[in-house]
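Report on the following structure.
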Amino acid sequence: MTVRTRFAPSPTGFLHIGGVRTALFAWLFARRHGGQFVLRIEDTDRERSTEEAIQVILDGMEWLKLRPDEGPLYQTDRFPRYKEVADKLMAEGHAYHCYCSKEELDVMRAEQREKGEKPRYDGRCRNRAEPVPGVDPVVRFRTPEEGSVVVEDKVFGRVVFENAELDDLVLVRSDGVPTYNFSVVVDDMDMEITHVIRGDDHLNNTPRQINIYHALGAHPPTFAHVPMILGPDGSKLSKRHGAVSVLEYRQEGYMPEALLNFLVRLGWSHGDQEIFSVEEMIHLFDLEHVNKAASSFNPDKLLWINQQYIMKADGKQLGLDLWWQLERMGVDTKAGPEPEQVAEAFRQRAQTQHEMAQSALFFYQDFSGYHEKAAKQHLRPVALEGLERVRDGLTVLEDWRAEPIHDVIHSVAESLELKLGKVAQPIRVAVSGGPVSPPIDVTLELLGRERTLERLNRAIAFVGERAQAAAANG
RNA sequence: GCUCCGUUCGUCUAGUGGUUAGGACGCUGGCCUCUCACGCCGGUAACAGGGGUUCGAAUCCCCUACGGAGUACCA
């Protein structure tokens, strides 16, 4: 039997990292076993489902390359099938019509709660022979009254539920729309899902679903409930931390492989290994090493992993990503060096590509003013001679490459009997506006002769003005 | 309330009766160095609590505490 897993999100909110992690595990498991991965959109709740959310799910999974072998399938396309199965259950006595009103049920539950009992449907319509005129009934499942259901969960192990704890759940609403616990069973059965990998918030639903499988004469699939992902503070994931659309991570400059790597280590491990290529994940992933406890999302680690990926990323891709970020920021990338070369210079200096773009801005456009502290520290009269000599040396330099540029700066430092840093740092502030940049020779090469000389002259003038102002004041 | 589930450094985790409880992120000391990074060397910090079982428990059992989920004509 070939393995078939599925990811079945309901498009009622954005696809966030919790959902992605579940999808990743299901996808990895299918890949690992040479099986298929199905994407099913659970949109039976028409009130809350949105077209936008569906699009985010599709785009997000495409970005992460978590591509389904089948689907997207939509539950709203399958209503006739649910009806067919419900009718069968009715005909065989596994289900019955219930005419109770919402109010009636509320009263019933309130009374039970008062008595310290678990609120549950008491089966009052179980043996009703006649319909109630004018009332559209719901279809309820006739849960076995005795015995227990054993869930052999791949993650949680053996979990036993007493049927007496369960009640007769609604299968089909009065308007004919199936409920989750029913449609999910029909779908997983029809789609021949062998392994249901989903969030552990569904563990409690599992015995009910298993009972439905049995009533249908079907074999339940293997279940694996994966723990939830919490926010950095250990609270439920919210908009503040991870509960934003996954696509936001693309905008913030994370690489999809890095996000996947981060997510696979949330609740799963392979010894001490931290970095996994997608191929390695596929090769190594297993349900046995999935944790039982929820884990919280650590943004710093995501940043670190992303940086690791940037360092090793393909140069072309890095250039493309930097270009994309710059364009998004409204920068004219034609007005500066090739993004690919710039990205190379920043390879080890950025945790995200967005950060890289921010740092690289000075290659493409002029900065308005100097970083105050840096200017104060480095653009001083003592730096003047070095700046001028370097400018003069670079003006006549024939070969505009990092090495010869380095030689010019180095010899100026030597002739002034200064350490390289004493000469380089003022140049850095002069050309970048701030105290941080890639190695100075590389920076100048990328910046180009024209811009370099122009900015050097501007800095020289700046130092001159400052000296005059200081003299006037003091 | 009831049912089910969970609990190892701040965080992600290794660990399946005998370990100085290991690694990673973070933080931190140092080295490298033209800045920032990268890299390298070092430090910090954990078995929720209490009872058992055992020669011996992070590991097995029970209780408590805390956290989570379900208890819908949501999914």
Side-chain angles (χ1 to χ4, degrees), chain A residues 8-10 12-13 42-45 47-49 98 100 102 105-106 109 112-121 136-140 151 153 156 159-162 164-167 169-175 177-181 183-184 199-208 225 227-228 230 232-236 262 265-275 289 291-305 307 311 346-351 359 374 378 406 409-410 413 419-425 427-429 432 434-441 443:
Chain A
S10 62
T12 52
E42 308 221 326
D43 55 353
T44 54
D45 183 354
E47 296 283 299
R48 299 194 299 150
S49 296
C98 167
C100 298
K102 181 116 179 83
L105 295 175
D106 283 345
R109 292 195 181 98
Q112 290 167 333
R113 197 175 273 275
E114 238 169 73
K115 281 189 278 183
E117 289 169 11
K118 182 172 180 167
R120 52 205 294 284
Y121 182 69
D136 290 327
V138 300
V139 176
R140 277 189 192 274
V151 180
D153 192 273
F156 285 89
V159 185
V160 182
F161 295 86
E162 295 300 321
E165 291 295 334
L166 275 23
D167 64 358
L169 68 153
V170 172
L171 260 24
V172 183
R173 301 176 175 91
S174 50
D175 63 359
V177 177
T179 59
Y180 165 75
N181 279 306
S183 58
V184 77
D200 71 358
D201 47 337
H202 290 296
L203 185 56
N204 284 298
N205 290 323
T206 307
R208 301 169 212 284
H225 288 91
M228 307 189 52
L230 274 20
D233 53 357
S235 68
K236 225 166 147 177
F262 172 71
R265 284 286 291 103
L266 239 43
W268 177 81
S269 62
H270 179 71
D272 285 341
Q273 191 170 342
E274 296 288 348
I275 303 296
H289 290 85
N291 259 197
K292 291 187 180 73
S295 40
S296 51
F297 171 90
N298 180 185
D300 282 334
K301 188 145 183 181
L302 207 209
L303 240 21
W304 176 78
I305 290 179
Q307 181 172 30
M311 287 193 283
F346 280 104
R347 194 182 266 284
Q348 286 169 313
R349 320 186 133 69
Q351 295 194 294
S359 307
H378 301 290
H406 183 270
I409 297 171
H410 190 77
K419 280 188 154 181
L420 191 57
K422 290 284 178 198
V423 180
Q425 204 53 7
I427 300 173
R428 175 168 283 117
V429 179
S432 76
V436 178
S437 88
I440 196 64
D441 47 1
T443 300

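Every chain is numbered from 1, with letters handed out A, B, ... down the list of sequences.
- Of the listed nucleotides (B/rU35, B/rC73, B/rG70), B/rG70 has the atom at the smallest distance from the side chain of A/N204.
- One interatomic measurement links the two molecules: CD of A/Q348 to C1' of B/rG39, which rounds to 8 Å at whole-angstrom precision.
- When heavy atoms are screened at a 4.0 angstrom cut-off, A/Q273 is found touching no nucleic acid atom at all.
- For the side chain to side chain contact (heavy atoms under 4.5 Å, CB included) test with A/V170, the passing option among A/N181, A/T179, A/V139 is A/T179; the others fail.
- Using a 4.0 Å cut-off between a side-chain N of Lys or Arg and a carboxylate O of Asp or Glu, A/R208 and A/D167 qualify as a salt bridge.
- Taking 4.0 angstrom as the limit, A/R347 places none of its side-chain polar atoms (N or O) nearer than this to OP1 or OP2 of B/rG39.
- At a threshold of 4.5 Å between non-hydrogen side-chain atoms, the residues A/V160 and A/E162 count as touching.
- A donor-acceptor contact under 3.5 Å is not formed by the side chain of A/D201 with the base of B/rA75.
- The residue A/H225 sits apart from the nucleic acid: no heavy atom pair falls under 4.0 Å.
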Report task. Might you work through the side-chain contact (heavy atoms from CB on, under 4.5 Å) test for A/L203 and A/F156, ending with a clear yes or no? Result -> CA-CA 9 Å; A/L203 185 56; A/F156 285 89; 4.3 Å; yes
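- Judged by distance alone, with hydrogens and angles left aside, the side-chain atoms of A/S269 form no donor-acceptor pair with the main-chain N or O of A/G271 at under 3.5 Å.
- Per the geometry, CD belonging to A/E162 stands 8 Å off P belonging to B/rC4, to the nearest Å.
- In this structure, A/D153 atom CG and B/rG6 atom P are separated by 10 Å, rounded to whole Å.
- A gap of 8 Å separates the C1' atoms of B/rU11 and B/rG26, to the nearest Å.
- In summary, the side chains of A/T443 and A/S437 do present a donor paired with an acceptor at a separation below 3.5 Å, with no hydrogens or angles considered.
- B/rU19 and B/rA14 have their C1' atoms separated by 12 Å, given to the nearest Å.
- B/rU3: Watson-Crick or G-U partner is B/rA69, with both key distances under 3.5 Å.
- To the nearest 0.5 Å, the span separating CG on A/L171 from CZ on A/R140 amounts to 10.0 Å.
- The side chain of A/P119 has B/rA72 as its nearest neighbour among B/rC5, B/rA75, B/rA72.
- Pairing for B/rC25 is with B/rG10, a Watson-Crick or G-U wobble pair whose two hydrogen-bonding atom distances lie under 3.5 Å.
- Judged by distance alone, the side chains of A/Q425 and A/R428 do bring a donor and an acceptor atom under 3.5 Å apart.
- When the P atom of B/rG23 is taken as reference, atom CH2 of A/W304 falls 14 Å away, rounded to whole Å.
- Atom P of nucleotide B/rC38 and atom CZ of A/F346 are separated by 14 Å, given to the nearest angstrom.
- Nucleotide B/rU20 forms a pair with no other nucleotide shown, judged by Watson-Crick or G-U wobble geometry with both contacts under 3.5 Å.
- The side chain of A/K236 approaches B/rA69 more closely than any other nucleotide in the set B/rA69, B/rC4, B/rC36.
- A/V138 comes within contact range of at least one nucleobase, with a heavy-atom separation under 4.0 Å.
- Nucleotide B/rC38 forms a pair with no other nucleotide shown, judged by Watson-Crick or G-U wobble geometry with both contacts under 3.5 Å.
- Nucleotides B/rA75 and B/rU53 place their C1' atoms 44 Å apart, quoted to the nearest Å.
- Between A/Y121 atom OH and B/rU71 atom C1' the separation is 16 Å, expressed in whole Å.
- Using atom C1' as the reference point in both B/rA58 and B/rC9, the two lie 13 Å apart (nearest Å).
- Under a 3.5 Å cut-off, the side chain of A/E42 and the backbone N or O of A/Y180 do not form any donor-acceptor pair.
- For A/S174 and B/rC73, a side-chain-to-base donor-acceptor distance below 3.5 Å is present, hydrogens and geometry of angles not being considered.
- B/rU20 sits 43 Å from B/rC34 when the C1' atoms are compared, rounded to a whole Å.
- A/H202 places its NE2 atom 11 Å from the C1' atom of B/rA69, with the value rounded to the nearest Å.
- Under the 3.5 Å distance criterion, the side-chain polar atoms of A/Q273 are matched with a main-chain donor or acceptor of A/I275.
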Report summary line: Protein-proximity profile, nucleotides 40-49 of chain B, B/S/- by nucleotide at the 4.0 Å heavy-atom cutoff, equals ----------
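- In the set B/rU3, B/rC25, B/rG39, the nucleotide with an atom closest to the side chain of A/M311 is B/rG39.
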Polar atoms only, N or O, under 3.5 Å: list the protein pairs with nucleotides 10-14 of chain B and their distances.
residue, atom, partner, partner atom, Å
B/rU11, O3', A/S296, OG, 3.0
B/rC12, OP1, A/S296, N, 2.7
B/rC12, OP1, A/S296, OG, 3.3
B/rC12, O2', A/R265, O, 2.8
B/rU13, OP1, A/G267, N, 2.2
B/rU13, OP1, A/S295, OG, 3.3
B/rU13, O3', A/S269, OG, 3.2
B/rA14, OP1, A/S269, OG, 2.9

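- When side chains are defined from C-beta on, A/N298 does not count as touching A/P232, because their heavy atoms never get closer than 4.5 Å.
- Pairing of B/rU59, defined by two Watson-Crick or G-U wobble distances under 3.5 Å, is not identified with any nucleotide.
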Report summary line: Nucleotide by nucleotide, nucleotides 28-34 of chain B touches protein heavy atoms under 4.0 Å in the pattern (B base, S sugar-phosphate only, - none) ------B
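- Distance check on atom P: B/rG10 versus B/rA46 gives 7 Å, rounded to whole Å.
- A sub-4.0 Å separation between OP1 or OP2 of B/rA75 and a side-chain N or O of A/R48 is absent.
- The line from CG of A/D200 to CE of A/M228 is 6.5 Å long, rounded to the nearest 0.5 Å.
- As judged by a 4.0 angstrom heavy-atom cut-off over every strand, A/D175 is placed among residues making no nucleic acid contact.
- In terms of phosphate contacts, A/T44 brings a side-chain nitrogen or oxygen within less than 4.0 Å of OP1 or OP2 of B/rA75.
- Summarising the geometry, the separation between NE2 on A/H378 and P on B/rU35 is reported as 10 Å, rounded to the nearest angstrom.
- If you check every strand for non-hydrogen atoms under 4.0 Å, A/T179 touches sugar and phosphate atoms only.
- Checking the phosphate oxygens (OP1, OP2) of B/rG68, no side-chain nitrogen or oxygen of A/K292 falls inside 4.0 Å.
- A distance-only check finds a donor-acceptor pair linking the side chain of A/D175 to the backbone of A/V177 [under 3.5 Å].
- With salt bridges taken as basic N to acidic carboxylate O contacts below 4.0 Å, none links A/E165 and A/R120.
- Distance check on atom C1': B/rU44 versus B/rC25 gives 14 Å, rounded to whole Å.
- Summarising the geometry, atom CZ belonging to A/R48 is positioned 12.5 Å from atom CG belonging to A/D43; distances are rounded to the nearest 0.5 Å.
- One finds the CD atom of A/Q307 at 11.0 Å from the CZ atom of A/R349 (value rounded to the nearest 0.5 Å).
- If you check B/rU3, B/rA75, B/rC5 against the side chain of A/E165, the one that comes closest is B/rU3.
- Residues A/R120 and A/D45 each lie close to RNA chain B; by heavy-atom proximity, the contact nearer the 5' end of the strand is made by A/R120.
- For B/rG30 and B/rA37, the P atoms lie 14 Å apart once the distance is rounded to whole Å.
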